[in-house]
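Down below is the structure, laid out as structure tokens.
All values reported here derive from a predicted model rather than from experimental measurement. The chains referred to below are lettered A, B, ... by the order of the sequence lines, with proteins before strands, and numbering in each begins at 1.
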Amino acid sequence: MDEKQRVATALAKALPEMEIADIADKIERPKDAKNGDYAFPTFFLAKTLHKAPQMIASDLVEKVDQQGFDKVVVAGPYINFFLDKAGVGSDVLKEILNDPEHYGDLDLGHQANVTIDYSSPNIAKPMGMGHLRSTMIGEAVARIMEKVNYNLIRIDYLGDWGTQFGKMMAAYKMWGDEPDVQKGLKEDPIDTLVKLYVRINTEADEHPEYTEAGRAWFAKLEHGDEEAWKLWHWFREMSLQRFQRVYDMLNVHFDSFNGEAFSAQKMDEPIQLLKDKGLLKESRGAQIVDLDHYKLPPLLIIKSNGTTTYITRDLATALFRKRMYGHAKSLYVVGADQETYFRQLRMALKEMGFNWWDQITHISFGLMNLNGKKMSTRKGNVVSLEDVLNDSIDLARKQIAEKNPDLKNADEVAKQVGVGAVIFHDLKNYRRNAVNFKLEDVVKFEGETGPYVQYARARAESILRKGGIQDFSNVDLTKVGDSAWDLISFLGQYSEAIKRAALNYDPSVVAKYALELAKKFNQYYAHTRILDEDEGQRARLALTQAVSNVLKSALNLLDIQAPDEM
RNA sequence: GGAACGGUAGCUCAACUGGAUAGAGCAUCGGUCUUCUAAACCGAGGGUUGUGGGUUCGACCCCCACUCGUUCCA
């Protein structure tokens with residue numbers, strides 16, 4: 001950023017009629033390093049100056065202040081700027097080494113509150129691979145937002161309310177005493193409850209009274225019946241314990257688990273508001289909010305049978321969060337199938353007169369398929385998230401046994417690498433792309449993967465252990481040599497990547513940055529002997545330390561651990 | 001029927017705001033471990049960016065039409 005300003009300032013002297021900000025706007029970063037570090041295209045001046053861009057470029061370069069650059073040259077219609085490698089390079093390294101934790105920090109948020117709603121599984125069901133997306137995209141976005149100085153409130157909006165729990169209670173009351181059910185509840189309560197739920201649903205075809213019993217139990221729950229509440233509470237606690245196991249593996253922690261049940265108690269307010277504003281319309285016996293003028297389908301608030309829908313709960317949730325947290329942004333990390341719905345929700349809030357409707361952002365992501373089909377608990381084509389994580393950890397353990405058998409904390413590292421591979425695989429692509437689940441892809445450790453990044457850093461750390469210098473404050477950092485420039489220049493672009501990731505709520509920007517940095521380091525490593533005992537050694541070690549720091553920071557933004565050895 | 005999102009190498013994906021020869025990984029073929037961890041590095045082949053038009057000095061990117069895929073719409 002600073003460097004770009006420098007280029008713009010240098011150009012400003014040759015272009016007195018242009019605003020410096022407009023000049024900066026035109027400056028770009030060449031893809032090919034041979035075209036310098038920054039470039040200024042002159043096409044847009046051709047019309048006003050009535051000259052060919054090539055001519056403009058060569059005229060302009062004469063007037064550009066070349067002070068502080070390695071060189072400034074004309075390349076056809078472009079002016080290419082080559083930065084002072086030694087000077088800029090040592091500045092970048094110094095900045096990283098001075099405060100590795102905060103390198104790349106930006107202040108976009110000024111500590112404003114941001115709520116982020118993610119993961120949000122349904123209770124009494126196991127977490128499937130499908131939940132990984134919301135959970136990891138949410139966590140990574142939260143970390144990126146913190147990095148640009150927002151204050152994050154992490155909310156796991158549990159699906160803990162609905163008629164299905166009435167059915168589950170009915171099933172439990174009917175069959176809970178059976179010996180194998182008793183046994184199952186001890187060994188794997190969630191799994192057993194799901195089985196009971198499936199059983200009551202299938203048998204309900206022949207026994208309509210089962211459906212009636214489910215409805216009755218849900219009604220009891222709604223009216224605060226003690227036994228129903230106890231059962232509900234028990235389902236919820238067991239589920240949370242089970243979820244926590246996965247969240248611990250993934251290193252994800254929430255500030256609130258207020259879910260649908262919590263919001264279900266607050267539905268009077270939004271309904272009253274909709275009535276007061278005259279937004280409720282009768283249509284086919286139901287109460288709707290008409291959104292035709294937004295080219296959106298109507299929002300169904302009260303069904304023809306008189307019951308409310310999850311929409312009312314979501315409105316109540318939005319009101320509650322605004323009041324409770326005074327957020328500047330309210331983020332929802334939810335699948336792409338809900339896109340229309342979130343548009344409706346935003347417009348409904350707008351209609352209700354809340355000027356903060358546009359603080360709500362749906363961070364949409366492509367759904368995960370299995371063999372081209374939607375994953376669904378009901379249809380039985382789910383892959384257990386915990387199983388995949390454990391598979392990946394086992395594989396990592398085997399690799400370690402093979403490649404680094406003397407590693408001391410092999411178990412811990414296997415966890416970091418195995419889980420890291422799964423997380424990275426989920427985050428490396430643009431979030432809106434749909435993903436087809438393939439275990440062999442998820443647990444791959446070679447090429448563009450999490451372990452690739454971790455490995456690059458582990459190698460760096462290995463060198464640092466051998467190099468034995470901890471304090472680089474007195475090292476002449478200009479001595480790294482020009483061959484390190486590609487790497488250093490890229491280190492300098494970290495905060496640009498973070499900014500783009502934050503503005504687009506897109507962790508894949510950080511993942512790609514980490515991959516690219518790891519790759520550049522691996523290339524450097526393969527061609528330069530860092531520990532050679534010459535005058536540049538200490539500077540090269542400083543560079544190695546800086547790379548390790550930034551890799552660790554980037555991995556941390558993605559919620560991936562960075563082992564020192566692997 | 002209406003709407004949203006997508007279509008780039010055999011496969012999975014990049015390409016920042018429209019910019020220089022559309023790039024990676026996997027897979028395939030070939031090379032590199034007595035020297036800082038080969039989970040790595042180097043090289044080769046592989047493309048009418050779904051199709052047709054348009055805007056522009058310049059289009060994977062913007063506009064129009066069509067087409068295929070996914071998803072949403074009591």
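Across all strands shown, the partner of rG1(B) is rC73(B), judged by Watson-Crick or G-U wobble contacts whose two distances both fall under 3.5 Å.
Distances were taken from every side-chain heavy atom of Phe445(A) (C-beta onward) to each of rA14(B), rA39(B), rC5(B); the shortest belongs to rA39(B). You'll find that the side chain of Asn433(A) is closest to rC13(B), out of rA24(B), rC13(B), rA20(B). In this structure, of rC41(B), rC36(B), rU12(B), it is rU12(B) that holds the atom nearest to the side chain of Asn429(A). Here the nucleotide nearest the side chain of Glu339(A), chosen from rA4(B), rC42(B), rU37(B), is rA4(B). Closest to the side chain of Lys31(A), from the set rC72(B), rA14(B), rA20(B), is rA20(B). For Leu531(A), whose side chain is taken as the heavy atoms from C-beta onward, the closest listed nucleotide among rC36(B), rA40(B), rU21(B) is rC36(B). Closest to the side chain of Asn80(A), out of rA20(B), rC72(B), rA24(B), is rA20(B). Here the nucleotide nearest the side chain of Tyr455(A), chosen from rC41(B), rA24(B), rA39(B), is rA39(B). Picking from rA74(B), rU37(B), rU71(B) the nucleotide with the shortest atom distance to the side chain of Glu565(A) gives rU37(B). The side chain of Arg459(A) approaches rU37(B) more closely than any other nucleotide in the set rC41(B), rC57(B), rU37(B).
For the C1' atoms, the distance from rA9(B) to rC5(B) is 24 Å, rounded to whole Å. Remark: the separation of the C1' atoms in rG31(B) and rA38(B) is 13 Å, to the nearest Å. Of the C1' atoms belonging to rG7(B) and rG43(B), the separation is 32 Å, rounded to the nearest Å. A distance of about 34 Å separates the C1' atoms of rC26(B) and rC72(B), rounded to the whole Å. Taking atom C1' on both nucleotides, rG6(B) is separated from rC60(B) by 14 Å, rounded to a whole Å. The C1' atoms of rG30(B) and rC63(B) are separated by 48 Å, rounded to the nearest whole Å. Taking atom P in both rG46(B) and rA22(B), one finds a spacing of 14 Å when rounded to whole Å. Distance check on atom P: rA20(B) versus rC42(B) gives 23 Å, rounded to whole Å.
Counting any heavy atom pair closer than 4.0 Å across all strands shown, Pro77(A) reaches no nucleic acid atom. Lys34(A) comes within contact range of at least one nucleobase, with a heavy-atom separation under 4.0 Å. At the heavy-atom level, Asn522(A) lies under 4.0 Å from the strands shown only through sugar-phosphate atoms. When heavy atoms are screened at a 4.0 angstrom cut-off, Thr42(A) is found touching no nucleic acid atom at all. Using a 4.0 Å heavy-atom cutoff across all strands shown, Thr309(A) reaches no nucleic acid atom at all. Across all strands, Ala39(A) comes closer than 4.0 Å to base atoms (heavy-atom distances). Among the protein residues, Lys26(A) comes within range of no part of the nucleic acid, since none of its heavy atoms lies under 4.0 Å from any strand. Using a 4.0 Å heavy-atom distance criterion, Arg500(A) is classed as a sugar-phosphate-only contact. Leu541(A) comes within contact range of no nucleotide atom at all, as no heavy-atom separation falls under 4.0 Å. Val509(A) comes within 4.0 angstrom of nothing in the nucleic acid, heavy atoms only. Looking at heavy-atom distances under 4.0 Å, Ala458(A) makes contact with a base.
As a whole-Å value, the separation of Asp32(A) CG from rA20(B) C1' is 9 Å. Rounded to whole Å, atom C1' of rA38(B) lies 10 Å from atom CD of Glu446(A). Taking atom CZ of Arg465(A) as the reference point, atom C1' of rC36(B) lies 11 Å away to the nearest angstrom. Atom CZ in Phe424(A) sits roughly 12 Å away from atom C1' in rC13(B) (whole-Å rounding). Rounded to an integer number of Å, the gap from CD1 of Ile469(A) to C1' of rC36(B) is 14 Å. As a whole-Å value, the separation of Glu516(A) CD from rA15(B) P is 12 Å. With rounding to whole Å, Met368(A) atom CE is found 18 Å from rU70(B) atom P. Spacing between atom CG of Leu291(A) and atom P of rA74(B) amounts to 13 Å, rounded to whole angstrom units.
Around the CD atom of Glu533(A), the shell of radius 6.0 Å holds no more than 12 heavy atoms that belong to other residues, nucleotides or ligands. More than 12 heavy atoms of other shown residues, nucleotides or ligands fall within 6.0 angstrom of atom NZ in Lys428(A). Other residues, nucleotides and ligands place more than 12 heavy atoms under 6.0 Å from the NZ atom of Lys512(A).
For the pair Gln454(A) and rA39(B), the criterion of a side-chain N or O lying under 4.0 Å from OP1 or OP2 is not met. OP1 and OP2 of rA24(B) both lie 4.0 Å or more from every side-chain N or O belonging to Lys512(A). Phosphate contact (OP1/OP2 of rU37(B), side-chain N/O of Lys466(A), threshold under 4.0 Å): present. The phosphate of rC41(B) (OP1 or OP2) has no side-chain N or O of Lys519(A) nearer than 4.0 angstrom. For rC16(B), neither phosphate oxygen OP1 nor OP2 lies less than 4.0 angstrom from any side-chain nitrogen or oxygen of Lys4(A). Taking 4.0 angstrom as the limit, Arg343(A) places none of its side-chain polar atoms (N or O) nearer than this to OP1 or OP2 of rA3(B). Listed pair Lys47(A) / rC57(B) meets the phosphate criterion, a side-chain N or O lying under 4.0 Å from OP1 or OP2. One finds a side-chain N or O of Tyr452(A) lying less than 4.0 angstrom from the OP1 or OP2 phosphate oxygen of rC41(B). Taking 4.0 angstrom as the limit, Lys303(A) places none of its side-chain polar atoms (N or O) nearer than this to OP1 or OP2 of rA74(B). Phosphate contact (OP1/OP2 of rU37(B), side-chain N/O of Ser462(A), threshold under 4.0 Å): present.
A distance cut-off of 5.5 Å between ring centres, combined with a plane angle under 30°, leaves Phe43(A) outside any stacking arrangement with the base of rG58(B). A stacked arrangement is not assigned to Tyr525(A) and the six-membered base ring of rA40(B), the conditions of a centre distance below 5.5 Å and an interplanar angle below 30° not being jointly met.
Expressed to the nearest 0.5 Å, how far CD1 of Ile271(A) lies from CD1 of Ile302(A) amounts to 4.5 Å.
Between the side chains of Ser119(A) and Ser134(A), no donor-acceptor pair is found at a separation under 3.5 Å. Side chains of Asp486(A) and Ser489(A): no donor on one and acceptor on the other come within 3.5 Å.
For Tyr310(A) and Tyr341(A), the distance between ring centers is under 6.0 angstrom. Taking the six-membered ring for Trp, Phe69(A) and Phe82(A) have ring centres at least 6.0 Å apart. Taking the six-membered ring for Trp, Tyr513(A) and Tyr494(A) have ring centres closer than 6.0 Å.
For rC33(B), the glycosidic angle deviates from 0 by 90° or less, giving a syn base.
Remark: the backbone N or O of His362(A) is not paired with any side-chain donor or acceptor of Gln338(A) at under 3.5 angstrom.
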